[in-house]
Amino acid sequence: MQIRLRVFAKLLAVFLVQSWPLSEATFSDEEKNKILDTHNQLRQSASPSAAAMSFVTWKNKLENLALKAAEECKFEHKYHGEYASLGENIYSGWRTDPVQIIFAWFSEKSQYNHDTRKCTGRMCGHYTAIMFDIVTHLGCAIKKECSKGAHMVFCEYSHGSGGALYKYGPPCSACPSTRPFCIDGLCANTADPQVKAAVKEFDSTASSTCRLACKNCGKQDTSAS
């Protein structure tokens, strides 16, 4: 009986760690909504326009990873282990308003050349992390009063920004089959209840339009093997 209780306690501990952030030093629900809204608004405003820019939603696992990194109070990128293949933005300073922090990251757009698809200034990685079109989820966290009272913010993105930043073209003109619906210029899978709820939260008046084109349109393709 005692062995079973110990096993149950361990399983419960694992579940709690995976389900909730590691501490209370994180963003409020209102701030999380602002983070998502700001990212989606900036992605909508892509210039040149993006043909397959994804609508982004919150993911608790990414929030937990962001909080885990922030709690170390070190301005160091995570590239290995659980963070491998993820995109990441870091801020250290006196700001606590996530919208101001995101716009500070986005301001690096002036240092990115969309013709050569390369950074022309000292830094543009924060901008590219925000605008990588294949990113579908993110999670951010803040650890207040780290080194000398400065705050540390980490945002983790579902994909790193290797390769082309995004495909140019009319908004939603190249939405993939995994995100076939157009929401004000962003590609989304509104068949997913979580995504549908996030879209409604983002814009209650938004309506989805399927942008996938029929390639065969009901005609038999006799050349197919």
Side-chain angles (χ1 to χ4, degrees), residues 21 25-50 52-78 83 86-112 114 119-146 150-162 165-166 171 183-188 195 198-199 201-203 206:
T26 187
F27 288 112
S28 66
D29 288 342
E30 181 181 358
E31 289 171 324
K32 292 175 187 178
N33 286 333
K34 287 183 179 180
I35 290 171
L36 281 177
D37 287 351
T38 303
H39 274 83
N40 281 316
Q41 289 164 359
L42 291 175
R43 290 162 72 84
Q44 279 181 322
S45 69
S47 178
S49 59
M53 185 67 74
S54 299
F55 180 85
V56 294
T57 58
W58 195 267
K59 193 165 188 176
N60 290 337
K61 181 179 179 180
L62 294 176
E63 178 189 0
N64 288 344
L65 289 175
L67 185 54
K68 183 178 178 181
E71 286 184 328
E72 294 181 6
C73 287
K74 295 180 181 178
F75 196 97
E76 296 178 356
H77 280 288
K78 305 289 186 180
Y83 298 86
L86 298 180
E88 184 178 70
N89 273 342
I90 312 175
Y91 167 81
S92 179
W94 309 110
R95 293 170 174 165
T96 58
D97 184 341
V99 175
Q100 293 179 356
I101 293 169
I102 294 167
F103 271 98
W105 289 335
F106 185 78
S107 68
E108 293 177 6
K109 181 181 189 297
S110 62
Q111 301 181 56
Y112 183 82
H114 276 276
C119 186
T120 59
R122 184 177 65 87
M123 186 181 298
C124 66
H126 296 105
Y127 165 72
T128 57
I130 292 173
M131 299 301 290
F132 192 40
D133 63 357
I134 200 172
V135 168
T136 56
H137 299 88
L138 62 80
C140 304
I142 183 171
K143 175 64 175 178
K144 295 183 178 179
E145 299 183 2
C146 281
H151 314 304
M152 188 72 68
V153 174
F154 275 74
C155 277
E156 304 296 334
Y157 300 86
S158 57
H159 292 83
S161 55
L165 184 59
Y166 62 80
I183 306 295
D184 297 334
L186 299 177
C187 302
V195 175
V199 167
E201 184 75 23
F202 175 63
D203 183 356

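Heads up: numbering here begins at 1 and tracks the sequence. FYI, side chains are in, hydrogens and waters are out, and symmetry mates aren't considered; it's all heavy atoms of this structure.
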Problem set entry | Worked verdict on N89 versus F154 for side-chain contact (heavy atoms from CB on, under 4.5 Å) | CA-CA 6 Å; N89 273 342; F154 275 74; over 6 Å; no
Problem set entry | Residue pair E156, K78: steps toward the salt bridge (Lys or Arg N to Asp or Glu O under 4.0 Å) verdict | CA-CA 10 Å; E156 304 296 334; K78 305 289 186 180; over 6 Å; no
Problem set entry | Pair Q111-R122, side-chain contact (heavy atoms from CB on, under 4.5 Å): steps then yes or no | CA-CA 7 Å; Q111 301 181 56; R122 184 177 65 87; 4.0 Å; yes
For this session: Evaluate the side-chain contact (heavy atoms from CB on, under 4.5 Å) criterion for residues C155 and L138: first the C-alpha distance (whole Å), next the side-chain angles of each, then the deciding distance (0.1 Å), finally the verdict.
Result: CA-CA 7 Å; C155 277; L138 62 80; 5.5 Å; no
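In this structure, Y166 and P48 approach most closely via the heavy-atom pair OH-O, 2.5 Å. Listed here is the closest heavy atom pair of L86 and S158: CD2-O, 3.8 Å. Summarising the geometry of V56 relative to H39, their closest heavy-atom pair is CG2-CB, 4.0 Å, with the distance given to 0.1 Å. Shown here for E63 and C140, the closest heavy-atom pair between the two residues is CG-O, 3.5 Å. Annotation for P98 and F27: closest pair CB-CE2, 4.0 Å, computed over non-hydrogen atoms. Of all the heavy atoms in I183 and A188, the pair that sits closest is CG1-CB, 4.0 Å.
For the atom pair NZ (K32) and OG1 (T26), the distance works out to 5.0 Å, reported to the nearest 0.5 Å. Here the NZ atom belonging to K59 is positioned 11.5 Å from the CG atom belonging to N64, to the nearest 0.5 angstrom. Rounding to the nearest 0.5 Å places OH of Y157 at 10.5 Å from CG of L62. Taking OH of Y91 as the start and CZ of F75 as the end, the distance is 10.0 Å to the nearest 0.5 Å. To the nearest 0.5 Å, atom CE of residue M152 and atom CD of residue E71 are 12.0 Å apart. The line from CG of L165 to CD1 of I134 is 12.0 Å long, rounded to the nearest 0.5 Å.
A donor-acceptor distance shorter than 3.5 angstrom exists from the side chain of R43 to the backbone of F132, with no hydrogens or angles considered. Proximity of a side-chain donor or acceptor of H151 to a complementary backbone N or O of E145 within less than 3.5 Å is detected.
Here the side chains of F202 and L36 are not in contact, with every heavy-atom distance at 4.5 Å or above.
Remark: H114 engages Y127, Y168 in a side-chain hydrogen bond (donor to acceptor under 3.5 Å, both in side chains) (not counting sequence neighbours).
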Show me the donor-acceptor pairs, under 3.5 Å and distance only, between side chains in residues 99-108 and residues at least two apart or in other chains.
residue: W105; atom: NE1; partner: I90; partner atom: O; Å: 3.3
residue: S107; atom: OG; partner: A104; partner atom: O; Å: 2.6
residue: E108; atom: OE1; partner: C124; partner atom: N; Å: 3.4
residue: E108; atom: OE1; partner: G125; partner atom: N; Å: 3.3
residue: E108; atom: OE1; partner: H126; partner atom: N; Å: 3.1
residue: E108; atom: OE1; partner: H126; partner atom: ND1; Å: 3.4
residue: E108; atom: OE2; partner: H126; partner atom: ND1; Å: 2.6

